[in-house]
Participant: 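Take a look at the following structure, please.
FYI, side chains are in, hydrogens and waters are out, and symmetry mates aren't considered; it's all heavy atoms of this structure. In listed order, ligands and their atoms are each counted from 1.
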Amino acid sequence: MSSRQSLDSWKKLVSLAKEKQSQHMNDLFAEDTQRFDKFSIELPKMLLDYSKNLIDSEVMTALFSLANECEVTQWREKMFAGEKINKTEERAVLHTALRRSSKAPLWVDGENVTLSVANQLAKMEEFVDSVRQGHWLGYSGKRITDIVNIGVGGSNLGPQMVTEALKHYSDNSVNVHYVSNVDGAQIVEILRPLDPEKVLFIVSSKTFTTTETMTNAKTAIKWLTASSFDDKSVAKHFVAVTANKENAMSFGIEADNIFDMWDWVGGRFSLWSAIGLAIALDLGFDKFKELLDGANEMDQHFVDAPLENNMPAVMALLSVWNTTFLGARSQAILPYDQTLHMLAAYLQQAEMESNGKSVSWDGNEIDYPTVPSIWGELGINGQHAFYQYLHQSNNVVPADFIGSVESVTPVQGHHETLMSNFFAQTQALMTGVNEAQVREDLKAKGRTDEYINKVAPHKVHKGNRPTNTLLLKRIDPRTLGSLIALYENKIFVQGIILQICSFDQWGVELGKGLAASIQAELESDDISKSHDCSTAHLIAYYKNATRS
Ligand SMILES: O=P(O)(O)OC[C@H]1O[C@](O)(CO)[C@@H](O)[C@@H]1O
């Protein structure tokens with residue numbers, strides 16, 4: 001039994017979970033008309049209603065005790081102070097320093113992080129302004145019109161998700177494109193309409209070793225130099241963002257064109273650094289700064305608010321309740337705002353690469369369910385695709401519903417239709433409809449007994465499906481910054497409670513290593529004897545087919 005399971009609060013939650021599993025949220029709402037007031041948190045630009053969870057005050061009290069017994073606030077202080085809480089890599093975790101407003105020094109390994117961040121932001125600002133104002137010109141003297149960000153995982157998902165979400169705020173000084181897939185189909189299609197004389201490539205890679213990114217960057221250099229350019233053109237058309245300056249320089253990128261990353265920023269938490277350069281080029285540096293300020297506001301709330309009124313902490317505790325204690329295995333992210341169409345993909349990496357682990361920070365196997373798998377889509381599209389499963393499958397999927405009071409692009413009648421669905425779905429998921437109600441309804445519609453007997457069981461919705469509702473005022477750079485930081489801080493709290501090292505990602509290494517050796521086999525006549533027979537036959541089939 002792990003140390004967590006011997007905590008009083010943990011034991012209490014185990015017994016409360018048994019009790020609550022036989023209850024229905026409809027009864028909890030009937031018994032307590034104050035549920036919304038008790039189980040909601042309002043911040044200046046967003047409201048969280050978490051009353052539609054299988055909780056009551058006793059459960060929440062036990063969850064807050066769990067957070068206290070797990071020393072969440074002490075760990076939070078350590079993270080913000082730059083202590084090396086990423087134990088397996090002996091690194092600080094300071095993505096919050098990238099958006100911090102305080103000018104006070106913050107030291108890590110003799111480096112004043114506050115100063116390094118300020119310097120990089122100043123370098124970014126100067127570069128962004130010069131590209132957007134047409135001072136930075138391509139090799140042949142033409143203005144840059146298109147930015148192509150080459151990166152994958154954290155060096156792609158965050159910037160691309162934000163670019164998509166804030167499209168409305170772009171003045172279209174430049175067009176921004178993202179290449180992440182090593183499947184050549186993507187880069188070929190993106191480059192096809194572009195003019196090499198007007199394109200700027202950003203090679204974004206913390207390690208500058210990621211095969212997909214390096215392969216795409218090499219293709220981009222070939223594309224550029226294949227026209228009338230020579231090698232010198234690379235200096236005007238390539239910049240890099242990396243913590244591995246040496247590799248970027250040997251790749252051919254000028255030292256001055258390299259923006260720094262640091263080992264204390266995890267890739268999936270890096271959009272606030274120069275990894276967000278494409279965002280800043282698209283929106284202008286002021287709006288990028290607003291994004292950082294919004295994130296900083298959420299950090300301040302996370303640091304200052306008592307746990308009972310702390311949005312990231314409450315969301316983390318609810319996830320632990322739903323998953324570890326009530327047994328949910330997945331979690332849906334359902335934005336009802338077109339601008340957030342990449343949010344689920346972004347949060348998949350943020351949460352699953354951080355906490356998708358089964359060994360605790362002391363190296364022992366974890367024997368309780370940890371975090372759910374994250375998936376999702378725009379909610380309104382999901383309604384016509386997978387909501388059947390959410391309403392009636394025998395697998396309960398807790399869901400975050402995220403909507404905005406105001407649309408960034410109002411079109412008469414649209415927003416009300418969208419939001420009426422938003423409100424209807426969480427109500428339906430909670431209340432459901434029982435067989436007696438179904439029968440009564442069918443009878444009132446004049447259906448025959450035979451028809452009612454046949455159809456009634458299929459129309460029952462058991463309800464009791466947990467949801468959180470996040471209602472934002474409006475998607476803008478500041479609110480989006482706060483929303484992303486909300487989830488980042490939530491992920492941190494989950495990791496602390498579940499005793500997970502949230503800031504490493506060893507689980508991606510095995511496959512990467514194997515792919516490298518298989519690539520050598522694909523490019524030669526050899527086939528390694530070390531494969532299992534399935535993999536060996538698949539490789540042989542592929543090689544025979546490509547060579548016949
Ligand atoms: O920025 P890099 O070093 O190219 O890494 C890209 C992504 O690959 C991963 O290392 C996973 O393989 C992620 O953690 C990271 O965000």
Side-chain angles (χ1 to χ4, degrees), residues 86-89 91-95 98 120 148-163 178-183 186-187 201-221 238-253 257-279 342-357 371 373-374 484 487-488 491-492 495 500-519:
N86 174 354
K87 286 288 173 209
T88 60
E89 297 178 312
R91 290 176 182 170
V93 175
L94 271 180
H95 49 276
L98 298 166
Q120 281 308 299
V148 179
N149 186 86
I150 300 178
V152 73
S155 300
N156 162 261
L157 283 165
Q160 191 173 7
M161 182 271 285
V162 171
T163 301
Y178 287 89
V179 174
S180 58
N181 197 338
V182 75
D183 184 337
Q186 190 185 29
I187 192 161
F201 290 96
I202 307 171
V203 186
S204 285
S205 176
K206 180 178 171 183
T207 55
F208 228 82
T209 56
T210 306
T211 314
E212 294 87 335
T213 300
M214 295 304 110
T215 307
N216 278 321
K218 279 181 202 150
T219 298
I221 289 203
F238 271 81
V239 300
V241 186
T242 186
N244 187 346
K245 212 165 185 168
E246 239 170 55
N247 271 23
M249 284 168 68
S250 13
F251 188 84
I253 300 193
N257 290 1
I258 300 174
F259 293 83
D260 289 343
M261 263 281 275
W262 303 270
D263 72 359
W264 40 261
V265 183
R268 53 193 172 273
F269 302 98
S270 65
L271 72 89
W272 324 101
S273 69
I275 292 285
L277 197 56
I279 306 171
M342 278 192 67
L343 184 67
Y346 168 79
L347 289 178
Q348 272 176 345
Q349 186 196 13
E351 188 155 330
M352 293 164 84
E353 197 170 70
S354 298
N355 289 335
K357 295 159 190 171
V371 292
S373 54
I374 304 289
I484 302 167
Y487 277 97
E488 285 184 347
I491 288 164
F492 164 77
I500 285 171
C501 298
S502 303
F503 300 99
D504 59 25
Q505 57 283 320
W506 300 105
V508 302
E509 298 302 333
L510 179 61
K512 271 190 203 174
L514 268 175
S517 61
I518 291 177
Q519 178 157 1

Participant: Around atom CE of M342, are there more than 12 heavy atoms from other residues, nucleotides or ligands closer than 6.0 Å?
Facilitator: yes
Participant: Could you report the tightest heavy-atom contact between N216 and N181, atom names first, then the distance?
Facilitator: ND2-O, 3.0 Å
Participant: Does the side chain of W272 come under 3.5 Å of the side chain of E488 through a donor N or O and an acceptor N or O?
Facilitator: yes
Participant: Can you find a non-hydrogen atom of E509 under 4.0 Å from ligand 1?
Facilitator: no
Participant: Is the closest heavy-atom distance from E212 to ligand 1 below 4.0 Å?
Facilitator: no
Participant: Atoms of ligand 1 less than 4.0 Å from S205 heavy atoms?
Facilitator: 1 (O), 2 (P), 3 (O), 4 (O)
Participant: Suppose we measure from atom 11 (C) of ligand 1 to each protein heavy atom; which comes out shortest, and what is that distance?
Facilitator: E353 OE2, 3.4 Å
Participant: Take a 6.0 Å sphere around CD of E509 and say whether it holds more than 12 heavy atoms from other residues, nucleotides or ligands.
Facilitator: yes
Participant: Indicate yes or no: does an N/O atom of S204 lie under 3.5 Å from an N/O atom of ligand 1?
Facilitator: no
Participant: Looking at I374, is its backbone amide N or carbonyl O close enough to the side chain of Q348 to form a donor-acceptor pair, meaning the two atoms are under 3.5 Å apart?
Facilitator: yes
Participant: Measure across P159 and Y178 and return the closest heavy-atom pair with its distance rounded to 0.1 Å.
Facilitator: O-OH, 3.2 Å
Participant: Just to verify, which of R268, R91, K357 counts as forming a salt bridge (charged side-chain N to carboxylate O under 4.0 Å, His left out) with D504?
Facilitator: K357
Participant: Among all protein heavy atoms in this structure, tell me which lies nearest to atom 6 (C) of ligand 1, with the distance rounded to 0.1 Å.
Facilitator: V152 O, 3.2 Å
Participant: Angle between ring planes, H95 versus F503, binned at 30° and 60°: parallel, tilted or perpendicular?
Facilitator: tilted
Participant: Within ligand 1, which atoms have a heavy atom of K206 less than 4.0 Å away?
Facilitator: 1 (O), 2 (P), 3 (O)
Participant: Using a 3.5 Å cut-off on N or O atoms only, is K512 in polar contact with ligand 1?
Facilitator: yes
Participant: Please report whether ligand 1 has a polar contact with G154, defined as an N or O pair separated by less than 3.5 Å (distance criterion only).
Facilitator: yes
Participant: Nearest to atom 5 (O) of ligand 1, what protein heavy atom do you find, and at what distance?
Facilitator: T210 OG1, 3.5 Å
Participant: Which part of T207 is near ligand 1, with near meaning a heavy atom under 4.0 Å away: side chain, backbone, both or neither?
Facilitator: both
Participant: Among protein heavy atoms, which sits nearest to atom 1 (O) of ligand 1, and what does the distance come to when rounded to 0.1 Å?
Facilitator: S155 OG, 2.6 Å
